[in-house]
Amino acid sequence: MKFIFSLILLLSVNVQSKPLAKRVHITTGQWLPYIDQSKEHQGCVASLIKDVFALYGIETRFVFMPWERAYQDGMKSEFIGSAYWYFSEQRSEDYIYTKHAITQEVSRFYHLKSLPLKYHTYTDLKPYTLLLNKGLTYPDDLLTSIKNHNIKTIEATYTNKNFPLILRKRADVMIMNENTAKVYKHSLSASQRAILASQKNQPM
C-alpha cells in the first residue's frame with residue numbers, strides 16, 4: 001500500500017496581525033531526512049525554509065519537540081508557525097497554509113516478512129496491531145476503518161521507535177514514508193533489515 005501526501009508549512013494566524021521580527025521561531029519534530037536535529041543544516045526542508053526567510057533578511061530558528069506538542073505550541077505567540085504538515089481540515093482552521101507544498105512523499109505499510117498480510121483494503125488490517133505515531137496525520141478512510149472494524153492500534157511518540165517495536169513484535173504493522181524508513185533502516189543490523197517487508201505492490 002502507498003499513500004502520496006504533500007507537506008506544507010503552517011503559519012500561525014498571529015503573523016497576520018504584526019510584521020515579522022528579524023529572527024523567527026518555528027516548531028517542528030524529527031522527520032528524517034527532511035527535518036533532522038542532529039544535522040548541522042537540520043535537514044533539507046529546514047534548509048529550504050531558512051533560505052526562503054533569509055531572502056527577506058529574517059533568521060529562522062527551529063525548536064524541536066514531539067509532533068503533538070509542536071502542533072499545539074506552534075499557535076503560541078512566541079512562534080510564527082510549525083513545519084511541516086500534511087493538509088487536514090482541522091489544521092486549515094488552526095493555521096494558515098502556505099500556498100505551495102514543500103514536498104510530496106510516499107508512505108507504505110512495513111511489517112515482518114513472517115506476517116501473512118495481503119493488503120487489498122483496510123479491513124485486511126483487522127487481525128493485526130497497527131502502530132501509529134502521536135501527532136502525525138493519517139488518511140480519513142484509514143481512521144474510519146480503525147473505528148468501524150475495531151482495528152487494534154498502539155501509539156508511539158517518536159518515529160525512531162517504530163522499527164524496534166515491529167522487530168520486538170509489540171506491533172504488527174507500521175506506516176512510514178519511504179525516505180524516512182530508509183534512513184531508520186540504516187541504523188538496523190543486516191539481519192534485522194532482512195526480516196522486514198513493505199507492501200510495495202498495493203498502491204493506495
Side-chain angles (χ1 to χ4, degrees), residues 3-107 131-140 142-143 155-163 174-187:
F3 308 109
I4 300 178
F5 292 116
S6 296
L7 285 93
I8 303 170
L9 173 66
L10 302 182
L11 297 176
S12 169
V13 294
N14 296 322
V15 302
Q16 290 183 311
S17 59
K18 57 185 178 182
L20 293 179
K22 288 297 182 180
R23 188 183 194 193
V24 296
H25 298 79
I26 297 173
T27 66
T28 192
Q30 284 285 91
W31 193 246
L32 309 179
Y34 309 98
I35 302 277
D36 187 353
Q37 188 175 16
S38 69
K39 301 296 184 183
E40 182 178 357
H41 56 75
Q42 296 186 311
C44 56
V45 167
S47 293
L48 174 63
I49 294 171
K50 288 179 181 179
D51 288 346
V52 170
F53 279 102
L55 293 175
Y56 299 92
I58 299 172
E59 181 186 353
T60 306
R61 177 174 177 262
F62 288 97
V63 180
F64 285 80
M65 54 187 70
W67 283 109
E68 195 169 29
R69 181 183 163 200
Y71 183 83
Q72 298 299 326
D73 282 11
M75 291 183 278
K76 294 181 178 179
S77 59
E78 59 262 41
F79 300 104
I80 66 157
S82 189
Y84 61 122
W85 298 84
Y86 300 132
F87 177 83
S88 75
E89 293 296 336
Q90 179 60 53
R91 289 180 185 147
S92 68
E93 295 177 7
D94 294 338
Y95 284 92
I96 303 165
Y97 272 94
T98 52
K99 184 176 181 180
H100 301 289
I102 297 174
T103 66
Q104 189 174 74
E105 300 174 11
V106 176
S107 293
L131 173 60
L132 304 177
N133 289 102
K134 293 180 179 179
L136 299 191
T137 309
Y138 299 96
D140 289 339
L142 172 60
L143 299 177
E155 288 189 320
T157 300
Y158 299 102
T159 53
N160 65 346
K161 303 298 183 184
N162 287 24
F163 278 123
M174 57 175 263
I175 301 171
M176 184 171 285
N177 87 70
E178 292 175 323
N179 290 326
T180 301
K182 184 177 180 180
V183 173
Y184 285 138
K185 280 184 175 181
H186 285 162
S187 66

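Counting only distance, with no hydrogens or angles, the side chain of Thr180 and the backbone of Leu32 share a donor-acceptor pair below 3.5 Å. For Tyr95 (side chain) and Tyr71 (main-chain N/O), a donor-acceptor pair under 3.5 Å exists by modelled atom type. Panel note: side chain Gln37, backbone Gln30; no donor-acceptor pair is recorded below 3.5 Å. Checked by atom type and distance alone, the side chain of Ser107 never pairs as donor or acceptor with a backbone atom of Ile175 at under 3.5 Å. Using modelled atom types, no side-chain atom of Tyr86 and backbone atom of Leu136 make a donor-acceptor pair closer than 3.5 Å.
Environment of NZ in Lys39: sparse, with no more than 12 heavy atoms of neighbouring residues, nucleotides or ligands closer than 6.0 Å.
Here the rule is side-chain contact (heavy atoms from CB on, under 4.5 Å) with Val45, and of Tyr34, Phe62, Trp31 only Tyr34 fits it.
Counting heavy atoms from C-beta on, the side chains of Val63 and Glu78 never come closer than 4.5 Å. Counting heavy atoms from C-beta outward, Tyr138 and Asn133 have side chains that approach closer than 4.5 Å. The shortest side-chain heavy-atom distance between Asn179 and Glu105 does not fall under the 4.5 Å cut-off. You'll find the side chain of Lys182 stays beyond 4.5 Å of the side chain of Glu178, heavy atoms only.
From Ser82, atom OG reaches atom CH2 of Trp67 across 6.5 Å, with rounding to the nearest 0.5 Å. If you take CD1 on Ile49 and CD1 on Ile26, they are separated by 5.5 Å, rounding to the nearest 0.5 Å. Taken from OG1 in Thr157 to CZ in Arg69, the straight-line distance is 12.5 Å, to the nearest 0.5 Å.
Nearest heavy atom pair, residue Pro66 against residue Tyr158, reads CG-OH, 3.4 Å. The shortest heavy-atom contact between Phe64 and Ile35 is CE2-CG2, 3.3 Å. Closest of all the heavy-atom pairs between Thr27 and Ala70 is OG1-O, 2.7 Å. Here the closest heavy-atom approach between residue Thr159 and residue Met176 is recorded as O-CE, 3.7 Å. Minimum interatomic distance between Ala83 and Thr28 (heavy atoms only, all atoms of both residues): O-OG1, 2.6 Å. The shortest heavy-atom contact between His41 and Ser47 is O-OG, 3.2 Å.
Counting only residues at least two apart or in different chains, salt bridge (charged side-chain N to carboxylate O under 4.0 Å, His left out) contacts with residues 41-60 comprise Arg23-Glu59.
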Does the side-chain contact (heavy atoms from CB on, under 4.5 Å) test come out yes or no for Ile80 and Phe53, once each step is laid out? CA-CA 12 Å; Ile80 66 157; Phe53 279 102; 3.6 Å; yes

